[in-house]
Amino acid sequence: MKKILFARPLPQEVTRALVGCDVTVRAETAPLGADELRAALRDYDAVMPTLGDGFTAEVFADVPEPRCKLLANFGVGYNHIDVEAARAAGVAVTNTPGAVTDATADIAMTLMLMSARRAGEGERLVRSGAWEGWHPTQMLGLHLTGKKVGIVGMGRIGQAIAQRCHFGFGMEVSYFNRSAKDLAFPAARVESLAALAGKVDVLVVAVPGGSETRHMIDAQVLAAMQPHARLVNIARGDVVQEAALIDALQAGQIGGAGLDVYEFEPQVPQALRDLENVVLLPHLGTSAREVRVDMGLMVVANLQAFIEGKPLPNKV
Ligand code: NAP
């Protein structure tokens, strides 16, 4: 009987759905430690890892000929797994595309609205007891309806954000993407990231993490943004050069930012936490119960296919 490791607790309906194997559910919610990563490859036939579980080239190098033949990742982003090293070691990798799309787009909209309309700041004001009542020039923010949005990474999530912006908020959509897209709504492709940054009121980051996109949003891109413009990142923390973002926010070079992810997650620099013009969420992109169950059931479908020797539905 195949031995399967779930590296985190999941909703019960997910773990119960997997049949015909010997399942271990790790109780801790923190990422796998150095020894656990190696033991996972050595002692199990398949593993469900997730965000923060660093299956790096070094880890694969330490476990030649691993028993593990599948890393069935919980999540669409898999930049914590060195896919090349996995392939070389004979380990397949799957992910959970689609299940996360709408929920993550919803969090992008939450951040756009919170940043534009200063909702975090306003909530802190009310909670502090210092609010003195409505007046016509109190906490004036940026009106979002009808404004220009720039999407960096027009994939599944990028398109779901763009749709919400176009159909829900009458916004003009432009995008920067590796390839041109055939889209079901009007959107202009811009060839230069800096040019896109310079023309929009909100720049939203939705590319995958990894070496190709690391620090894609750097000081130069931030400098191109207009002083009232907002940056929203729901992708991966290190796509944005966090130190440069802090400088831009401190100097008032951009209007504000909304972040769901951080370069050195879960560490969030004190400098960011001290700023009023940034909204900080604890990586809530997919954190809705139904969504986490759907993601889990996609993992189970991949594990079940592996157990039954069938083609993997979501191989990356
Ligand atoms: P996706 O469908 O693969 O979309 C990614 C898009 O980025 C694609 O359109 C791709 O271009 C583009 N892209 C990739 N590298 C690029 C580059 N170097 N320059 C320009 N464009 C590039 O992925 P998705 O499902 O939308 O997910 C996107 C990412 O969101 C995930 O990888 C994950 O890290 C993150 N995420 C975060 C949360 C959260 O909780 N905050 C939740 C879910 C996902 P092509 O079309 O040419 O390939």
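Numbering of ligands and ligand atoms starts at 1, following listing order.
Aromatic ring orientation, Phe60 versus Phe55: tilted (interplanar angle from 30° to 60°).
For atom 47 (O) of ligand 1, the candidate residues are Ser211, Ala206, Ser179, Pro282; the nearest heavy-atom contact is made by Ser179. When the options Gly155, Gly158, Pro208 are ranked by their closest heavy atom to atom 7 (O) of ligand 1, first place goes to Pro208. Counting only non-hydrogen atoms, the option in Arg178, Gln159, His80 that gets closest to atom 20 (C) of ligand 1 is Arg178. Compare Met154, Glu212, Lys181, Met295 by their heavy atoms: the one nearest to atom 46 (O) of ligand 1 is in Lys181. Heavy-atom proximity to atom 22 (C) of ligand 1, evaluated over Val207, Leu281, Ile234, is greatest for Val207.
Backbone and side-chain nitrogen or oxygen atoms of Thr101 are examined, and none is located within less than 3.5 angstrom of a nitrogen or oxygen of ligand 1. Between Asn79 and ligand 1, not a single N/O pair is under 3.5 Å apart. Not one N or O of Leu284 is nearer than 3.5 Å to an N or O of ligand 1, by distance alone. For the pair Thr104 and ligand 1, the shortest N or O to N or O distance does not fall below 3.5 Å.
Side chains of Leu32 and Arg26 form a contact here, defined as non-hydrogen atoms less than 4.5 Å apart. At least one side-chain heavy atom of Val59 sits under 4.5 Å from a side-chain heavy atom of Arg38. Counting only heavy atoms from C-beta outward, the side chains of Met154 and Ser179 never approach each other to under 4.5 Å. In this structure the side chain of Arg117 never reaches within 4.5 angstrom of the side chain of Leu144, judged on heavy atoms. The shortest side-chain heavy-atom distance between Cys165 and Lys147 does not fall under the 4.5 Å cut-off. Looking at heavy atoms from C-beta onward, Met295 lies in side-chain contact with Val100 at the 4.5 angstrom threshold.
Proximity of Pro97 to ligand 1 is not established, as no heavy-atom distance is less than 4.0 Å. Distances shorter than 4.0 angstrom occur between a heavy atom of Asp260 and an atom of ligand 1.
Few gaps surround NZ on Lys3; more than 12 heavy atoms of other groups in view lie less than 6.0 Å from it.
Tested against Tyr44 for a side-chain contact (heavy atoms from CB on, under 4.5 Å), the candidates Thr24, Val23, Asp22 yield a single pass: Thr24. Checking Asp294, Val25, Val299, Val300 one by one against Val14, the side-chain contact (heavy atoms from CB on, under 4.5 Å) holds for a single residue, Val300.
Near Gly153, meaning under 4.0 Å from any of its heavy atoms, are these atoms of ligand 1: 7 (O). Short contacts between ligand 1 and Met216, defined as distances under 4.0 Å to a heavy atom of the residue, involve ligand atoms 19 (N), 20 (C). Counting atoms of ligand 1 from 1 in the listed order, those under 4.0 Å from a heavy atom of Thr286 are 40 (O), 42 (C). If you number the atoms of ligand 1 from 1 as listed, the ones under 4.0 Å from a heavy atom of Gly77 come out as 32 (O), 33 (C), 34 (O).
The nearest protein atom to atom 39 (C) of ligand 1, hydrogens excluded, is given as His283 NE2, 3.4 Å; this is a heavy-atom distance. Closest protein heavy atom to atom 35 (C) of ligand 1: Ala235 O, 3.6 Å. Considering only non-hydrogen protein atoms, atom 31 (C) of ligand 1 sits nearest to Val76 CG1, 3.8 Å. Of all protein heavy atoms, the one closest to atom 9 (O) of ligand 1 is Asn177 OD1, 2.9 Å. The nearest heavy-atom contact from the protein to atom 2 (O) of ligand 1 is Arg156 N, 3.0 Å.
Under the 4.5 Å side-chain heavy-atom criterion for grouping Ile, Leu, Val, Met, Phe, Trp and Tyr, Val202 is not connected to Val278 through any hydrophobic cluster.
Contact annotation: for Arg236 versus ligand 1, heavy atoms closer than 4.0 Å belong to the side chain alone. Heavy atoms of Ile157 found under 4.0 angstrom from ligand 1 belong to the backbone as well as the side chain. At a heavy-atom distance under 4.0 Å, no atom of Ser287 approaches ligand 1.
Every pair passing salt bridge (charged side-chain N to carboxylate O under 4.0 Å, His left out) that includes a residue from residues 96-111 is listed here, sequence neighbours excluded: Asp102-Arg164, Asp106-Arg164.
A donor-acceptor contact under 3.5 angstrom links the side chains of Thr286 and Arg292, judged on distance only.
A donor-acceptor pair is defined here as one N or O able to donate and one able to accept, closer than 3.5 Å; such a pair exists between the side chain of Arg189 and the backbone of Asn177.
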